[in-house]
Structure formats: structure tokens, C-alpha cells
Participant: 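Please read through the structure below; I'll follow up with questions.
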Amino acid sequence: MGMKPSPFGTQIPYEEKDLKVVGTNPTARPDAVDKVTGKARYAADINVPGQLIGKVLRSPHAHARIKSIDTSAAEKLQGVKAVITCDDFPDMPVLHAAAGEMIVNFRDVTRTMMAREKALFDGHPVAAVAATSESIAKAALKLIKVDYEVLPHVIDVVEAMQPDAPLLNEEQFTKGVEPAPEKPSNIAARMTSKLGDIEEGFKNADLIVEREFNTKAAHQGYIEPHASLAIYTEGGNAEVWTSTQGHFLIRAQLAKVLEMDVSRVKVTPAELGGGFGGKNSIYLEPLAIVLSKNSGRPVKMVMTRDEVFRASGPTSGTNIIIKIGVTKDGRITAAQAILNYQSGCFPGSSLPLCTPTVFTRYDIENVLVIGNDVVCNRPKVAAYRAPGAPMIAFGVETVMDEIAEELKIDPIEIRLTNAAKEGTQTHFGPKLGPIGYIETLEAAKVHDHLKAPLEPNQGRGIATGFWATLGMETSATLNVNQDGTASFIYGTVDVAGGMRAAYSQIVAEELGIPFENVRAIQSDTSSLGFNFTTAGSRGTAAGSMAAVKASRDAITRMCEVAARIWEVEPDQVVWEDGHARPASANVGDFEPLSIAEIAMKAGFFGGTIAGHAEINVTGGGPGFGTHLIDVEVDRETGAVKVLRYTIIQDAGKAVFPEYVKAQFHGAAVQGIGMALNEEYIYDENGIMENPGFLDYRVPVASDVPYIDTQIVEVPNPNHPYGIRGVGEVPIIPPLAAISNAIYDAVGIRMRDHPMSPPKVLAALDEAAPAAAAE
Amino acid sequence: MTEMRYEAPTTLDDAVALLADSKGSTTVLAGGTDVLVQIHMDLIEPDLIVDIKNIKELTAIKKEKGGYRFGAAVSGVELMDHEDFCQTWPGVMDGVKLIGSIQVKGRASVGGNVCNASPAADSVPALIAAGATATIVGPKGKREIPVEEIATGPGQTSLKDGELVVSFFLPNSPAGSGGAYQRFTPRTEMDIAVVGVGINLTLGDDGVCSAAKVALGAVAEKVLVVEEAAAALVGTQVDEAALDNLAAAASAACRPIDDKRGTKEYRIKVAGVLARRVALIALERAQGGQK
Amino acid sequence: MKKHHISATINGDEVDFLCETSETLLDVLRDDLNLTGAKEGCGTGDCGACSVTLDGVLVCSCLVLGVEAEGKEIETIEGMADGDELHPLQRKFVEHIALQCGICTPGLLISARSLLEKNPDPTEEEVRFGLAGNLCRCTGYQNIIKAVMDAAQEMRGA
């Protein structure tokens, strides 16, 4: 996969045991009451005395050289306290770092947050102001004069790859190609992933199907626009409250682009109003800090929805070619993919994750994948829930469907024939451990959904998905309080409100105390060591590993305290059901000590009890899922209605089962939206035409059906509770499942995304004369 | 920075005087669901906003001799809550109910929907098909025009400086009349019509269509009244052949553009499809004795 | 810039505030009155996160000017619970996991309350269409629909 796991990582083996808290549904989630009463504080809800309002001036051009910027008139406007441009930030050399599931380059990060030589997309920041009111700040933006030399632009990935395409960066030569090219190109890098002998594999095939797919960029669509509040103090420290999935990562990026010591930047993540991968990068934060520094006052900045769409990262639009060869009995002999991914204005799409995992659902000996990372005049892409994978499944899973039909094999059977299982060699390197792919397919095979009758123009589709679970740096502290309650300080970000509950469940289980006695508390960057961002389905999977480690560390400390009280050796004390007990009758006849009793006496007997985890989690268990869907196609308008939806997924172990199902619902509906209507639309000048929720059509409640869910549990052997990541897998199959269902309904294969009414109707019209001729 | 003035007159005369005397740009504010979006998006920066919701002629719904009258600033929800109006004008209400979400309809008025002059406005084809007229006041007094004469192009109206739409009048239809409006959108709600069709028709005692009016939205620079489409229905029992002719005439009348919401070909085709579907609903309502 | 002096009733309390003409009711609630429960997701009436009631009518507060609130009664999420006693809808949202990130939740609750006031016994489809003006990106709506149906049943029984 993209990031190499650490050889010094932490894995804790799975232990089967009776569970009291893990696997149950808490009656009240710790974050819920504040959220239903409007008291939860999101970044835009925070105000401090004396704050200014910051606004950003953005490029109205898709591609333009910035010849000059005149801010003098804006600076003179009454109420304006600071105006900044790229001149207020140091230029950065090429320097790569991990940011969520994607890699960033600081040369590009500093140019993304504020354009330098060129504006590279519609919405690219070129200047920012801070003023005493929003209306004054907006008026000031109008007074900034930018002299642009408009350049030819390129939006489409295939067009951007052509030798005569307008170049975004004249100094960019395709990496990963031998010999090194002499001509610059928009193709930033080529990557490959190989297994076996691809040519030999296709020679052994009885049937080869090769198809081309195109997908449009889609946005994460979080309802909370990016918001940041920054205070730069006279002492040279910066404090930031912001909407982010990874405050430590934001701190690291800020320290780098502002050339500050990491210790001088403190970032507090506010309650997060949705991220889905899109809130792993700095956007407003560095601008707010420098505006605060220059004005001497706190500065608050909130994006408009228009800014969110135009200038924060969507996922890549893609062009994908999938070629699969099979024997007559449906066994895959070879599989090949070409992935052309838009990365936006700078390199760095999700290809490092996608190239090595295109075919990981299947056990295939011969694989070749070539990925091209292509820049074009769009905002830099960001991760979006299993970044890049739904488009791959759109290709692979519809080709599998076509092959199954051609060979007259049931679509579930052909997947079972080729299914990845324990010991399957992946094309990203290791062999797979125990996984639950086959279990999801077997569960699908006997699901009631398959028995429901279909009416004319209705069809059924199936598709499957795979995604790995990220580990990475994870730190946490568990404080055992004087009254025996526990405060668990975590350094991931609770991106959707389920992690606080899950962590509390894990700690309660480990300590043997009631769920209600544990409170999980979000850290800022000063209260814990570095945590990687909350990405790659790692929140509960990796965070709970830290919770286990910190809990067990605290238990060791509590056993030491008990030993001191009883005047025995620590190894003569065991922890059971929330109490320290003598390990055996030989130790002595001591009444068990409760956590509260120990906590109360701990001060005297050695000091306050706390447990720690500062680990790099490895061994994240890959997740697999199978989706079933029924659709109805209106042959006269091309409208596709989703009638029924079933998700079956391996969670390893569902800590909070109803919440896991809620994750499935949400991801599937995002997938349905992406499949049917969501797309970035650009006009001929490279200006985004639908930067709002009216024309960027995320699903509304009446667009979607009831979603049935089934959790399969094949424990991850490297996690003490067997947990796998669950949040990303369920967004992967919907595109393919819907395409397959449309085919089943009306006999057309949709390979262009989105499968919107005009496209479906055009495909039906194209197919009609052919059908009539047959 | 210029000051944005806000006035909320309580009489028509005061409103007209404000509009007529205003120097600089003036915006009439009814429900505000278009105006506030335009201000938010920096598309307009009015010097004066005239809020017309405190004028009684603009906010009343009442039965009059020969028909129904409702103020131009009456909100969608107020119309939806008016049982008798809804029963009398189901076709008009088909359109009104589609103006945005429930929240939006809590503010949005038919007058605003008409005067915003979007070719995709949902209430407009329905009103036109129902034969609605608008009462306009201005510095030179009062005039009454058919609704189809208000919008002249996207965002453009025939209203003169200082003029204001006060109310809409829906004339009683003969017995055996029925109306309907439908639109096509990719989402089930919260969307802008890719095509909208409003049809009213009247059946004689013999079940033969004696009169019809067909209006198409979002297929041209303004809502189109398609006489050929109406002619396809008149004199028929609204049978298959008539519906085919209706669909063909509706499609033929379209002169749409390609835009982010739909292609030309798509709009032309769906206009015919929708015309047929809407005619059947109107027919059913006519047969059921509803208007 | 000259401001208007406006008096209104918010969650039963008489409130006075000053606002510029261009300020929306949402701006006033959030920035001037510190009632940050209503959220700005779009500013154009397309997401419903800023839903409040104005004289009992459900509206997007981003589509109402602050000056239009003169003499009006406004209800926001902050007034939904009765002291510590959650409204049945709030309780059912918690119980059914009808929220994840929670940014859309205040708007959805206000909309749902308004829906049930008009239609105490809605079908699932009526709830789906009735809440179509409120976008939620986390939940796929399923548990929201369940919570509203369940709350409706409880409220009918009460």
C-alpha cells in the first residue's frame, strides 16, 4: 500500500473472550446530547473577543500567470487590519510528507494555500484580508487589483495527458519512466504494480474482456464548511482552533510552511462537521495565523460553500481501462489495469494506494497495473473515503459482471471461484491473513434480498469492495481519577461521533468498570504526543489499540499500588472485574481493592495512576464487503431509482454494532449519490459551474431507500478485539452495483459516470436501434 | 462602502413611491429566497431593498367574483395551507409545491417565482396553463396582463421602472376542467426543473376536449405557451394518438440550451414524455370534476 | 455602517439586537446573539442546516434578513429541550443513532418538529419528502427517518 508499515509497529494478538461492553450498543453516545441541543462547538461556532474576520480573494481563472498584485487600496479601507499575499509566506523546496492516505509535497502545499507564480484553478487563493467585519473584508477584496495573464488551461485527465496539452508546470518531467523523459508533461508520475507474467496469463485465458471507464470528480460534501480561528501572540506562539481530521498533522504542516518550531504551534480540533478525507490539509489555517500576526488580533475565517467546492479537494476524476482474462469455468488467469487519475493542480492523487490494490478482492497470479498521476487545472485533490477505490470497483466489478454473464455463471459464484482468502498473494506485497470476503459472499448468496421478485425495468446488481485499514502513530493517555472514573485522552479526531463511545467501551471492558464511568476526551496538540490523522479507517481500529495499551499500562500501575498496600510483590496481584485481587490464595487473604479505592490511595502509594500508549499501530485488518442493489429505470427519462439496498461487510469485531451499521448506511448513500448525480461540471473557461448544493446533487432523504445491513465478524488476528476498519469499504461497491443493476434492468452497460438521467437515456437510445435489429 | 437601505412600506402607494423615487439599484423583497441568494453570491448589491410583505393587497388570498385572487407575496406554505384554494387549483399547486424545500416555501412567493424570471420557475407553467393574469401597479397606475407576458428572458421582465406585481387572478374554469404540472429533476426534491410542463384542459359532456393550454418550462429563454400542443388535444378524447401528437408538438416547440442541468436533446425528448404524463393527470382531474 | 435596531422574541425571550441590512437572521443568531446551534452549511437555502421557525413557520434563517425579524417570534434548537428534559425527537435521535458528525442535526430536529406538528402520523415516505430540505452527509438518512417515525408514535401516544 501507499505507506510502508513500520517494522517497529505494535500489534496485539486477538484473544477470544467473553465481552461485557464491547459488542453492545451504548444507550447514549457521549457526544450525542450536546449535538441534539445545539451545544456542540464546531470551529465556526467559536468566537473570541477582538477577533477580526478574514476573507480570501480567489482566482477567477483556471490558469493564469500572476503578474502583479496591488493591495494598496484595500489596505487603506477603514476597518481593514491586514492584507496578505504569497509574499507573506516563505517559498518551500520540494519536501514530501504523509498526510492522511495521501502524500503531500511542501513546495506544492505552500502554493495550494496561496498561489505564487501562477493561479492554477478557479478558486485558487491569491490574497487574503482581515477586517473588523465581514462586509468590510468583502469590500476590501474588491479593492485588490490582480494583473493576470490568462493561460490556456486543461481540465480533463485524458486531454491533460496529450503531448500538446497546456502545461501546468514547465519543470515537471514524468517520474517512474525509463529513460527519463526530456519533454515536460502533465503526467507527474507513472507507477506500476506487477505480479506473475501478465502475457502468459492472458494466453491462458478463454475469454478476455477489456473495457474503458470514465468518472468525474466528486466532492466529500461535508455539510460543515472549513473554518479556522487563529491567535498569534507577541511571544511568537500560534494557537488555532480548526475543523480538521488531524490536528497534529495540521500543526506539522503549519510549522513547516510558516517556518515555526512545532512547539510554538498549538492546534485544537473543534467538533468536526464531517470530513470524509477532505479535512487533512491546511487551507485557511496558515492564512489566519499570518493575518493574526500582521494585525495583532485574533482572526476567524470561514469558507462559503462556493469556496468549499471550488477550492477544497474533491476526489480524482479518472479514466480507467480494465482488462480481465478468464478460463471457461470462470477462473481469472490475468488482470490488467490502466489508471489515469487527476491529481488536481499539483501531483499527488491516491494512486499510491490504488495502483497496488486494484484486484485485491481476487486471487490472481498475473497482474499488471499502470497508474498515471496527472495534473490539471482543478483544486488539488484530497482523500475521499477509500480514495480512488470506488472508481476502480466501477471498472473491475462491472467487467466481472460481464464475464459472469458471458460464461453463464452466477455473479456471486464467479466471485467465490476467484475470491481472495487467507494466504492469497496480493499485488501490493504481503499475503493476506484471515479475511472475511468469502463470508460476505456466502451471506449474500442466502440473503432474502435475492428472493424478492423484480418487475419490468427493474434490475438487480451485485458488487464487492476491499480496503485496507491504516495504523500509524497513535498516542493516548488514560487518567484514573480519584473517584475511580477514567478519563481517556485521545489524539485521533472523532470524525463522526462514534469513536468517543467505542474508546469508552474498550477502556470500560479492559478496566472492568461501567461504560458510564469512562469519559473519552479529545486532546489538543499540547496534551499528547504526535498522532497521525484520522484517515484510512484507522480511528477506532488504531485508536482502540492505544486504548488497550494505555488501559493495560494503568492496570499494571494499579496492581503495583495494590501490592504496596498489601505489602506483596506486584506479580502477586491480578486485575479482574475492576478490582485488584491476590493472584492466588497463597498471596494472602486480602479483600479485593476496587479501582476507586486504589485511585484514592494511589497518591500516597506512588503517585497518580495513568496509563500511556505512544505506539505505531501496524497489522490493520483489511475489510471486505458485498453489496446487493435493486433499481428501476424509467426508460423514457433515464431516471434510475434505487429500490432496495443490502450491505454485508466484515467488521472483524463491531465494538458498537448499531453505529457500525450507521457507517455502512452513510457510506452507501454517498456512493449512491456519486453513482447517480454527483459530478464537478466545468465550463469552457475551466470555471466550475456547480459550486453549490443545488447543482452539486448530494442525495436528499427522499432519494434513497431503506438500507439493510449485515455485519460479518472474522476477527483481525493482530488486534486484541479483532477490529477491522469499517468506514471506507462501504463506499466502494455502489457505483459498480448500480451499473450492474441498470444492465440487469434494461440491458445497457453504463461505463461513464455519473449514471445521470441524460446519460442513461442516451445509452438507451443508442441501444434501441441495435436491439430492434436483433 | 455604500449603505444598503431597507424599507418596509405598508401601502401600495408608498411602495410605488419608493420604487419610483429610488436612485441607484432597487430590489423588491418578497420571500427573499432568490434575492438573498443573489446578495450572498455577490450577484446584486442593491442600494435599496423594498420589503413588500407588510402590504395587505400583496398578502391576501380571497375568492372573488369569477375566480380566485392571491397576493404576489403570499408564501408557498400559505397557499398549501389554504384548503379551498388547493382543492380548486390542484394544477397550480403542483407547481407551487415544487418551489424548493418546505423551508424555502415558508418564505418563497409566487410573485417572486414569476418575477425572478427563471425559465425553470415551477409555478409559472402551471399558472399560465390555468390562464392566470397578474395585476401590476406602478407610477402610471394599474394594469392587468397574462402571466406569460411578465418574463421576457432569463432574469428579465416586462415590468417598467417603479412597477410591482400586486396579485394574481385565476379565472374560474368551466365544468369538466383539470390542470396539472410536473417537472423532471435528477433528484426527487431540492432541484431545478430540467423540463417542466403545465397543462389545463376542459372536457365537454361527450368527453371530447374542448379547450386546452400547454406551457413548457426550462426549454427556452422563457416559459413557452405551445398552441400546437394544445391543438393536438382539442377535439380529441385525449387518446393515444392525441397524446402522441401532443408529445411531438411539445418536443418540436423546444428551443433549449445545453447547460449544467441538461442537454438540448435530453430536454427536447423529455418535454414530450412529460407532456404526455401531465396531460393524463389533467385528464383524470377533469374527469373527476376537479379543475 | 448604520445599523437597524430590531426587537424580536427568541425561544420565548425578548431580545434586542442591531444589524446591518445585509445581515441574515442566521448571522444575527450566530454572531450577535451567540445562538450557534443553527449552522451555515451553504448560505443559499440548499442544505437546511440553519432551519428555525419564524412565527411558527419553518424557514432557512440564511434566507431571512435580520431586519425582517422585527416583532417576530423565532424558535431555534436552543429552545427545543424543556430545561434538562429533551424533546422526544431529541431523545429518539440519540437513541436511534440518528446523528454522526451532528452538524445537520439542529436543523433536522427543527424541521422534524415542524413536520410532526403538521402531520402527527406521517408515512415513511412523507417523512423522507418532508425532510428533503435538510442535507445530511453522514447517516444516509436511515436512522433519522427511524427516529422521527418512532418519536411521532410516542408523541401521538402521549
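Below, chain A is the first sequence line, B the second, and so on; all start at residue 1. Keep in mind it's a predicted model, so treat the numbers as computed, not measured.
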Participant: Side-chain contact, heavy-atom cut-off 4.5 Å: C:N34 with A:N47?
Facilitator: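 C:N34 reaches A:N47 side chain to side chain.
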Participant: If you measure from OG on C:S22 to CD on A:E134, what distance do you get to the nearest 0.5 Å?
Facilitator: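 Here the rounded value is 8.5 Å.
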Participant: In Å, rounded to the nearest 0.5 Å, how long is the span from CG of C:N143 to CD of A:E658?
Facilitator: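 If we round to the nearest 0.5 Å, C:N143:CG and A:E658:CD are 7.0 Å apart.
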Participant: Between A:V302 and chain C, which part of the residue has a heavy atom less than 4.5 Å away: side chain, backbone, both or neither?
Facilitator: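 When you check distances to chain C, no heavy atom of A:V302 falls under 4.5 Å.
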Participant: Hey, which of A:F664, A:Y222, A:F656, A:Y706 has the most heavy atom pairs under 4.5 Å with chain C?
Facilitator: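 Looking at each of A:F664, A:Y222, A:F656, A:Y706 in turn, A:Y706 comes out on top.
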Participant: Return the option, out of A:G673, A:A667, A:P705, with the maximum number of heavy-atom pairs under 4.5 Å with chain C.
Facilitator: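 Looking at each of A:G673, A:A667, A:P705 in turn, A:P705 comes out on top.
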Participant: Going from OG1 on C:T44 to CG on A:D306, what distance comes out if it is rounded to the nearest 0.5 angstrom?
Facilitator: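 So the OG1 of C:T44 and the CG of A:D306 are separated by 9.5 Å.
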Participant: Check A:G38 against C:P106 and note the closest heavy-atom contact, atom names and distance.
Facilitator: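 Distance-wise, the nearest heavy atoms are CA-CG, 4.3 Å.
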Participant: Hey, which of A:V33, A:L694, A:I672, A:D703 has the most heavy atom pairs under 4.5 Å with chain C?
Facilitator: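 Of the options given, most contacts go to A:L694.
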Participant: Chain C heavy atoms under 4.5 Å from A:Q663: which part of the residue, side chain, backbone, both or neither?
Facilitator: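 It is both, since atoms from each part get that close.
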Participant: For C:E73, look at atom CD and say whether over 12 heavy atoms of other residues, nucleotides or ligands are found less than 6.0 Å away.
Facilitator: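 No, the 6.0 Å shell around CD holds no more than 12 heavy atoms from other groups.
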Participant: Looking at every non-hydrogen atom in both residues, tell me the closest pair between C:I97 and A:A662 and how far apart they are.
Facilitator: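 Looks like CG2-CB, 4.3 Å.
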Participant: Could you check which of A:E678, A:R41, A:M303 has the highest count of heavy-atom pairs closer than 4.5 Å to chain C?
Facilitator: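 Among the listed options, the one with the most contacts to chain C is A:E678.
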Participant: Closest heavy-atom contact between C:C47 and A:I223?
Facilitator: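 Distance-wise, the nearest heavy atoms are SG-CG2, 4.4 Å.
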Participant: As a quick check of understanding, evaluate side chain to side chain donor-acceptor pair (under 3.5 Å) for C:E20 and A:S135, giving each step before the final call.
Facilitator: CA-CA 9 Å; C:E20 295 172 15; A:S135 50; 3.1 Å; yes
Participant: Treating C:Y141 as the side-chain partner and A:P699 as the backbone partner, does any N or O pair qualify as donor plus acceptor under 3.5 Å?
Facilitator: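 At least one qualifying donor-acceptor pair exists.
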Participant: Can you sort out the partners of A:E271 under salt bridge (charged side-chain N to carboxylate O under 4.0 Å, His left out), two or more places apart, ordered by chain and number?
Facilitator: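 A:E271 satisfies salt bridge (charged side-chain N to carboxylate O under 4.0 Å, His left out) with A:K35, A:R500 once adjacent residues are dropped.
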Participant: Out of curiosity, A:S133 OG to C:E23 CD, how far, rounded to the nearest 0.5 Å?
Facilitator: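 Spacing of OG (A:S133) from CD (C:E23) equals 8.5 Å.
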Participant: Considering only heavy atoms and a distance below 4.5 Å, find which of C:V94, C:T105, C:I145 pairs most often with chain A.
Facilitator: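 Highest number of pairs under 4.5 Å: C:V94.
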Participant: Side chain, backbone, both or neither: which part of C:E125 has a non-hydrogen atom closer than 4.5 Å to chain A?
Facilitator: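 Interface part for C:E125: neither.
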Participant: What option among C:E95, C:R128, C:R137, C:Q100 has the most heavy-atom pairs under 4.5 Å with chain A?
Facilitator: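 Result: the option with the highest number of such pairs is C:R137.
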Participant: Can you say whether C:L86 sits under 4.5 Å from chain A via the side chain, the backbone, both, or neither, judging by heavy atoms?
Facilitator: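 Looking at C:L86, just its side chain touches chain A.
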Participant: Can you tell whether the side chains of A:D45 and C:K39 come within less than 4.0 Å, N to carboxylate O?
Facilitator: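 Yes, charged N to carboxylate O under 4.0 Å.
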Participant: With distance as the sole test, does C:Q142 use its side chain to make a donor-acceptor pair with the main-chain N or O of A:H665 at under 3.5 Å?
Facilitator: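 Not confirmed, C:Q142 side chain does not pair with A:H665 backbone.
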Participant: Pick from A:V698, A:I46, A:V669: which one has the most heavy-atom pairs with chain C under 4.5 Å?
Facilitator: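 Among A:V698, A:I46, A:V669, the one with the most close pairs to chain C is A:V698.
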Participant: Check each atom of A:T304 against the heavy atoms of chain C and say whether the ones under 4.5 Å are side chain, backbone, both or neither.
Facilitator: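 Contact with chain C involves no heavy atom of A:T304 at all.
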Participant: Please say whether more than 12 non-hydrogen atoms of neighbouring residues, nucleotides or ligands are located less than 6.0 Å from CG in C:D84.
Facilitator: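 Incorrect, the count does not exceed 12.
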Participant: With a 4.5 angstrom heavy-atom cut-off, could you sort out which part of C:L109 is near chain A: side chain, backbone, both or neither?
Facilitator: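 Side chain only.
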Participant: What's the shortest heavy-atom distance between C:G41 and A:P225, and which atoms?
Facilitator: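 Closest approach of C:G41 to A:P225: O-CG, 4.0 Å.
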Participant: Shortest non-hydrogen contact from C:C138 to A:F276?
Facilitator: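 Nearest heavy atoms, C:C138 then A:F276: SG-CZ, 3.6 Å.
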Participant: Between C:Q90 and A:T37, is the side-chain contact (heavy atoms from CB on, under 4.5 Å) condition met? List the steps.
Facilitator: CA-CA 8 Å; C:Q90 291 174 309; A:T37 51; 3.9 Å; yes
Participant: Counting heavy-atom pairs closer than 4.5 Å to chain A, which one of C:L131, C:D31, C:L99 comes out on top?
Facilitator: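 Option with the top pair count is C:L99.
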Participant: What part of C:T139 is in contact with chain A, defined as an atom under 4.5 angstrom from a non-hydrogen atom: side chain, backbone, both or neither?
Facilitator: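 Looking at C:T139, just its backbone touches chain A.
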Participant: If you look at every heavy atom in C:D46 and A:F693, which pair is closest and at what distance?
Facilitator: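 Heavy atoms of C:D46 and A:F693 come nearest at CB-CB, 3.7 Å.
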